[in-house]
Q: 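To start, I am sharing the structure in question, which I have written as structure tokens.
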Amino acid sequence: MKEYKYKINGNSYTVAVGDIDDNIAQVEVNGVPYKVELEKKAAAPVKIVSAPRPAAAPRTATGEKVVAKPAAASGAGAVKAPLPGVVMSIPVKVGDMVKAADTVLVLEAMKMENAIHAGRDGKVAAINVNPGDSVLEGTVLITLE
């Protein structure tokens with residue numbers, strides 16, 4: 001039971017609300033039990049909401065879409081996007097030496113940040129994307145030597 005304390009016109013009341021079955025509530029006021037009939041609510045009207053329209057894909061100054069497409073061929077030193085997403089940050093620079101487990105890029109996909117690892121030891125030869133770029137699965141993000 002939930003218990004409440006009220007003061008009405010200078011009089012103190014202790015109200016305990018017990019079980020509610022259908023529209024009948026078991027209420028106790030200052031130790032005296034009551035059965036209280038609750039007013040039934042009318043069914044709320046059903047609202048029909050149209051689905052929101054997706055936002056347009058970002059474009060460059062020339063009007064081209066900012067979506068990198070997967071490269072046709074890539075070498076063994078390519079770090080590819082495992083899923084489509086947006087490049088959040090690139091903590092490496094061209095010329096940096098990386099180990100296989102080092103994070104070379106952070107990719108946001110499905111509202112989660114995913115750390116993309118080098119996959120093998122090597123030297124960063126090229127960074128093919130910029131922070132904010134949208135990439136598709138299989139896009140070569142970074143090339144290692």
Side-chain angles (χ1 to χ4, degrees), residues 1-8 12-29 31 33-145:
M1 284 187 133
K2 288 194 173 193
E3 194 170 294
Y4 303 93
K5 295 189 186 274
Y6 295 104
K7 194 168 208 170
I8 302 172
S12 294
Y13 297 94
T14 302
V15 179
V17 179
D19 295 331
I20 300 174
D21 293 323
D22 260 340
N23 63 331
I24 305 293
Q26 303 295 327
V27 177
E28 193 174 290
V29 179
Y34 294 94
K35 287 188 179 183
V36 178
E37 186 175 348
L38 302 173
E39 188 176 297
K40 289 187 178 181
K41 291 183 183 178
V46 177
K47 293 182 182 180
I48 299 175
V49 179
S50 60
R53 295 182 61 192
R59 296 185 181 269
T60 63
T62 60
E64 296 177 33
K65 291 182 180 176
V66 185
V67 175
K69 295 195 178 2
S74 59
V79 177
K80 296 181 181 181
L83 65 166
V86 177
V87 177
M88 297 301 291
S89 65
I90 306 169
V92 296
K93 300 182 296 263
V94 174
D96 287 355
M97 294 300 293
V98 294
K99 299 279 185 199
D102 289 351
T103 298
V104 293
L105 189 132
V106 177
L107 184 70
E108 179 187 17
M110 298 181 282
K111 300 190 187 234
M112 292 185 64
E113 290 185 4
N114 300 282
I116 308 301
H117 301 287
R120 70 176 186 93
D121 294 353
K123 180 179 176 183
V124 177
I127 299 174
N128 304 322
V129 292
N130 296 308
D133 286 356
S134 294
V135 296
L136 299 175
E137 181 178 351
T139 301
V140 177
L141 305 170
I142 294 177
T143 306
L144 300 175
E145 293 180 338

Q: Are the side chains of Val124 and Ile142 in contact, using a 4.5 Å heavy-atom criterion?
A: yes

Q: Looking at every heavy atom in both Lys7 and Ser12, which two are closest together, and how far apart are they?
A: CE-OG, 4.1 Å

Q: Is there a side-chain contact (heavy atoms from CB on, under 4.5 Å) between Val79 and Val140 once you walk through the steps?
A: CA-CA 6 Å; Val79 177; Val140 177; over 6 Å; no

Q: Once you round to the nearest 0.5 Å, how far does CE of Met97 lie from CG of Asp102?
A: 10.5 Å

Q: What's the separation between atom NZ in Lys5 and atom OH in Tyr13, rounded to the nearest 0.5 Å?
A: 14.5 Å

Q: Mind listing the side-chain donor-acceptor pairs of residues 103-117 below 3.5 Å, one per line with the distance, residues two or more places apart or on another chain?
A:
{"residue": "Asn114", "atom": "ND2", "partner": "Leu107", "partner atom": "O", "Å": "3.3"}
{"residue": "Asn114", "atom": "ND2", "partner": "Met112", "partner atom": "O", "Å": "3.3"}
{"residue": "His117", "atom": "ND1", "partner": "Ala101", "partner atom": "O", "Å": "2.9"}

Q: What residues, two or more places apart in sequence or in another chain, satisfy side chain to side chain contact (heavy atoms under 4.5 Å, CB included) together with Lys93?
A: Asp96

Q: What are the two closest heavy atoms between Ala125 and Glu145, and how far apart are they?
A: CB-CG, 3.3 Å

Q: Evaluate the side-chain proximity of Thr143 to Asn128: yes if any heavy-atom separation is below 4.5 Å, no if none is.
A: yes

Q: Test your reading of the model: is there a side-chain donor-acceptor pair from Asn23 to the backbone of Glu37, 3.5 Å cut-off?
A: no

Q: Do Asp121 and Val98 have side chains that get closer than 4.5 Å, going by heavy atoms?
A: no

Q: Between the side chain of Arg120 and the main-chain N/O of Leu144, is any donor-acceptor distance below 3.5 Å?
A: yes

Q: Which distance, rounded to the nearest 0.5 Å, do you find between the OH of Tyr6 and the OG1 of Thr14?
A: 11.0 Å

